[in-house]
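Residue numbers start at 1 and run along the sequence shown.
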Amino acid sequence: MNLENLREEFPEMPESMRTMIEREVAAQMSVETPTRKAEQQQKHRSTGRKKAGKTFLLVAAAAAIMCTTVAAGTAIRARFFTETEGNYGVNITIGSAETETDSEGSMAATLAELEVPEEIPASVTVEASYLPEGMVQYNDGWKIDYEDDIWGGSFSIAEEIMGENPAETQISETNVVDSEELELNGHYAVWLEKEYLDDGSENTTQMLYILYPEVWRILRIYCMNGKVTKDELLAVAEGLIVTGSEETMLLADALPEEDDLPEIDDDPEEDGACTAVEASAVEENLHQIGDSFEISAYSDSEADEESFHTVSVRVSEVWVSDNMSALGDDWQSILDSGIYTNDLQTYSDEDGNLLPIQIDYVKAGDGVNSLNTVVKTEEAEQKLICATIEYTNNGDAALHNVLYNADLITLTEDDDGMIAIYDRSTLEEGDWDYATIPRGYAMDYYTAGGEETNGSNYITDLSAGETVTVTVAWIVRADEMPYLYLNMEGGSYLIYVEDLATGYVDFRSLES
């Protein structure tokens, strides 16, 4: 199969894989996601953590468009109203603060006439006057994380410009187990707590919608599960300072026409991605451990102008272990550093021994009348895979802050010669829709480098003709080792045409 024909032949993504991707996206959600490679740079430069990947674009775009029709009044009279749907659905509308409700909580009065402005601030800034201890604000105020533990909790703030017709406003949320209408520093808000398993054990998240009619915006704050409590979230929200720019724009120009809205399709074929291809597409450029090949790597070497350069990479050595000591004599300090995924600590004991991982098989609910239900649980043994990777600059110019991403991807081949993303929930039949895997195969450990403002997974300097060796490690499920490939472009959940052109490294021969 020729690579250029792959886009037309990608099969539809199965529901189980879509669910797994969405869960990973929720765990890594961020505000800025321009393109795949640009998003890698932006996130690394801002936070020092690894990229979320293209899958976030599909979910974030859908969420943004869902909220573009929201409208409210110019005065504080505008407020949110919530109505429940089924057991776990909540519909949010906007009305007048003077609107009365009947005994059942439904709006009984029509909206008072609200003056819609012709012009609105062209942009807004967000500043937190209060932050929980240990948290910092960055991305121009739109992101908040724990400074020493970027995986312990996170706020992602997004804005939506309100529309022209409040009566048409509706935001529908599912999987809601608790909600509350609030007033925060003179602004009406709705707080939501969401869960995805009916036992409350998985992916508890908080969301907060806040009305700022004075700048004709709604802020949507997403708070991932972690250390952040409801009280802390509300305290941060109450202390937000939202300021409109002096520059204005016509409201009519700020709102996209219906025909101009991008189509949202949760099948990512158009983005050059799929979950299955013919085996020949993978084998065409497949590399073995020890092979040298070229990739496109980002660096900021040319007077701070972001650019990509071709470099050679070679996996020089790979080793497998049951203990974190395989990372080196300073393995304990690596675990305690806080700059790597908390999986390093979560899945090892005090002596560094790898612990098994629990996998739940889940029957999906509809999010309105039912939540997801675990119908089967099993444990899987885990291994630590470590690798040294050589990066060589074959060009004439010195490179500075070279970004690297090395993620593992699991692929299986069927009897028809198709290679697909490995999905353990399909290995046997049962009354479930997907298997819950608490973690993916992005880099769990990587040699830290780069300037402080550029994060950690950078090679600080790579002179012309120079070779620099980095160490990368992943925690993997032992029974999935026969399906492992290394993706030097980064990414674990989808097969991309550009990755096939670069070629994976075959890790299937590693001992389990």
Side-chain angles (χ1 to χ4, degrees), residues 1-14 17 20-21 35-37 40 51 53-55 267-298 308-318 385 387-395 402-423 426 440-443 472 474 476 480-510 512:
M1 171 182 284
N2 293 326
L3 293 178
E4 57 266 25
N5 296 328
L6 289 177
R7 296 181 189 272
E8 286 73 33
E9 301 186 29
F10 285 167
E12 183 178 356
M13 181 186 298
M17 183 58 60
M20 176 168 29
I21 291 171
T35 64
R36 186 186 189 203
K37 288 187 182 293
Q40 292 177 11
K51 64 183 177 63
K54 278 184 179 176
T55 53
D267 183 348
E269 296 178 13
E270 196 170 310
D271 200 25
C274 67
T275 58
V277 294
E278 291 184 7
S280 58
V282 175
E283 295 167 356
E284 182 178 353
N285 295 314
L286 186 62
H287 310 290
Q288 301 300 317
I289 295 170
D291 291 349
S292 179
F293 58 99
E294 293 184 340
I295 66 171
S296 178
Y298 163 79
F308 289 90
H309 300 265
T310 298
V311 300
S312 296
V313 295
R314 186 176 81 94
V315 180
S316 55
E317 184 181 6
V318 182
I385 297 179
T388 53
I389 304 173
E390 298 174 355
Y391 286 77
T392 301
N393 179 4
N394 294 319
V402 178
L403 172 67
Y404 65 91
N405 289 289
D407 299 337
L408 296 177
I409 187 169
T410 49
L411 303 174
T412 56
E413 184 175 355
D414 63 20
D415 295 335
D416 296 324
M418 294 293 294
I419 286 185
I421 297 290
Y422 174 86
D423 181 0
T426 63
Y441 283 161
M443 298 182 297
V472 178
W474 312 264
V476 304
E480 295 178 10
M481 291 181 64
Y483 314 112
L484 289 179
Y485 297 78
L486 176 62
N487 183 7
M488 291 301 301
E489 295 284 356
S492 297
Y493 293 104
L494 292 171
I495 302 169
Y496 287 92
V497 171
E498 61 194 76
D499 297 346
L500 294 173
T502 299
Y504 300 127
V505 181
D506 193 348
F507 270 27
R508 293 172 297 173
S509 62
L510 300 178
S512 59

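Every residue meeting the side chain to side chain contact (heavy atoms under 4.5 Å, CB included) condition with Glu317, not counting sequence neighbours, appears here in chain and number order: Trp319, Thr388. Taking the ring pair (Phe, Tyr, Trp, His ring centres under 6.0 Å) definition, one finds that Tyr504 meets it with nothing, sequence neighbours left out. Every residue meeting the side chain to side chain contact (heavy atoms under 4.5 Å, CB included) condition with Thr310, not counting sequence neighbours, appears here in chain and number order: Glu294.
Thr502 has its side chain out of reach of Asn285: every pair of non-hydrogen atoms, C-beta onward, lies at least 4.5 Å apart. Residues Phe507 and Tyr485 fail the side-chain proximity criterion, which asks for heavy atoms closer than 4.5 Å. Annotation: side chain of Ile289 is not in contact with side chain of Leu486 (no heavy-atom distance under 4.5 Å).
Annotation: the span from Leu500 atom CG to Glu498 atom CD amounts to 9.5 Å, rounded to 0.5 Å. Separating the CD atom in Glu489 from the CD1 atom in Ile295 is a distance of 6.0 Å, to the nearest 0.5 Å. Atom-to-atom distance recorded for Leu494:CG and Cys274:SG is 8.0 Å, nearest 0.5 angstrom. One finds the OH atom of Tyr422 at 8.0 Å from the OG1 atom of Thr412 (value rounded to the nearest 0.5 Å).
The backbone N or O of Arg314 sits nowhere less than 3.5 Å from a side-chain atom of His287 that would complete a donor-acceptor pair. Between the side chain of Asn487 and the backbone N or O of Leu408, no donor-acceptor pair lies under 3.5 Å. Without hydrogens or angle criteria, Asp416 side chain to Met418 main chain gives no donor-acceptor distance under 3.5 Å. Put simply, the side chain of Asp407 gets close to the backbone of Gly491: a donor and an acceptor are under 3.5 Å apart.
Donor-acceptor pairing under 3.5 Å is lacking for the side chains of Thr410 and Glu480.
Taking each heavy atom of Trp474 and Tyr441 in turn, the nearest pair found is CD1-O, 3.5 Å. Shortest non-hydrogen contact noted between Ile409 and Ser492 is CG1-O, 3.4 Å. Here the shortest heavy-atom pairing between Phe293 and Met488 reads CZ-CG, 3.7 Å. Residues Ala406 and Val472 approach most closely at O-CG1, 4.1 Å, considering heavy atoms. Here the closest non-hydrogen pair linking Leu411 and Ile419 is CB-CG2, 3.6 Å.
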(message) side chain to side chain contact (heavy atoms under 4.5 Å, CB included), that's the test. Do Val318 and Ile385 meet it? Break it down for me.
(response) CA-CA 7 Å; Val318 182; Ile385 297 179; 3.8 Å; yes
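Considering Asp506, Val277, Ile495, Asp499 in turn, Val277 is the only one that fulfils the side chain to side chain contact (heavy atoms under 4.5 Å, CB included) rule with Val282.
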